[in-house]
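Notes follow the structure.
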Amino acid sequence: MAHYVIGDVQGCYDELSLLCKKIRFNPNKDRLIFAGDLINRGPKSKEVLDFCLKYKHSIKSVLGNHDFYLLYLIEHKKKNKPLNNILNAKNINKIHKWLKNCPLVLRIKIKQTKETFWITHAGIPFIWSLDKARELSDEIKVVMKKDSYNVLENMWGDKPILWKDDLKGYKRYRTIINYLTRMRYLDKRGALKLRKKDLKQENNHIPWFKQTHPNLKDKENIIFGHWAALEGKTKLDNIIGLDTGCVWGNKLTAIRLEDKKLFQIKNK
Ligand SMILES: [Mn+2]
């Protein structure tokens, strides 16, 4: 049995199939964990979700910003051409239920190596402990169960940019979702700088993983996606980027957690 985490698929189903062949994915034994953004922009988003449902007993995913967008379209009965075949699908209720139940943060412990992996779409800001990130993820999961329509309605927007423990209501949910699904750069206070995507150095725009993570101890790792321009390069052994831009013509990447070995498939 092995655990594999796979970076942003974004509808690249053909490459996902090839990657599963390469790692010899056995749904009866292995576990796949997606780092979010399963869908959108690529050609076969529906097929990716059908694959997840087919093997749902062996597959987990954290939610990415594109996955939240799909949830918004579903619940608010909106259309968006590239995703309409999902929205009109016969199994849309099953897709909806599965996706809505995905967390924002997952923790996986590997027995053999005693390593722990914290998986989120964008990462975990240094202003939160790892446990706190998981508590906030649980908070979103709970509120999505009872009030998802309004959470999704109020999720849009970049503000507030700085986390405060006393944030309340939809502002609080929006801020948690922004940190865990859209973060790339933070300033020195830990405030979100959401508009910058490129890698040019700029004062007070620091990649979130470059600020010392006070709570990341020995044998603890963070895995994230979302930032294709990085091509997975964080220059850190314990903070691992998996978005290698398959949908932009680059590669789809998986990491085997038991030995941190990478597996990649080039975009066709
Ligand atoms: Mn993303």
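Counting starts at 1 for both ligands and their atoms, following the listed order. It should be emphasised that the depicted structure is a prediction, and the values quoted were computed from it without experimental measurement.
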- Message: Distance check below 2.8 Å: does His121 bring an N, O or S atom to the Mn ion (ligand 1)?
- Response: yes
- Query: By atom name, which N, O or S atom of His226 is the nearest to the Mn ion (ligand 1)?
  - Reply: ND1
- Query: Counting only heavy atoms not in Lys196, do more than 12 sit closer than 6.0 Å to its NZ atom?
  - Reply: yes
- Task: Specify which N/O/S atom of Asp37 comes nearest to the Mn ion (ligand 1), by atom name.
- Result: OD2
- Item | Under 3.5 Å side-chain donor-acceptor pair for Lys79 and Asn88 | yes
Residues 102-121 side chain polar contacts: donor-acceptor under 3.5 Å, at least two apart:
{"unit_1": "Thr113", "atom_1": "OG1", "unit_2": "Glu115", "atom_2": "N", "d": "3.4"}
{"unit_1": "Glu115", "atom_1": "OE1", "unit_2": "Asn221", "atom_2": "ND2", "d": "2.8"}
{"unit_1": "Thr120", "atom_1": "OG1", "unit_2": "Gly123", "atom_2": "N", "d": "2.7"}
{"unit_1": "Thr120", "atom_1": "OG1", "unit_2": "Gly123", "atom_2": "O", "d": "3.0"}
{"unit_1": "His121", "atom_1": "ND1", "unit_2": "Ala35", "atom_2": "O", "d": "2.8"}
{"unit_1": "His121", "atom_1": "NE2", "unit_2": "Asp37", "atom_2": "OD2", "d": "3.0"}
{"unit_1": "His121", "atom_1": "NE2", "unit_2": "Asn65", "atom_2": "OD1", "d": "3.1"}
{"unit_1": "His121", "atom_1": "NE2", "unit_2": "His226", "atom_2": "ND1", "d": "3.1"}

- Message: Go through it in stages, so that I can follow the logic: the residues are Asp259 and Lys261, the test is salt bridge (Lys or Arg N to Asp or Glu O under 4.0 Å), and I'd like the CA-CA distance, side-chain angles, deciding distance and then a yes or no.
- Response: CA-CA 5 Å; Asp259 59 359; Lys261 184 180 159 81; over 6 Å; no
- Are any N, O or S atoms from Thr181 nearer to the Mn ion (ligand 1) than 2.8 Å? no
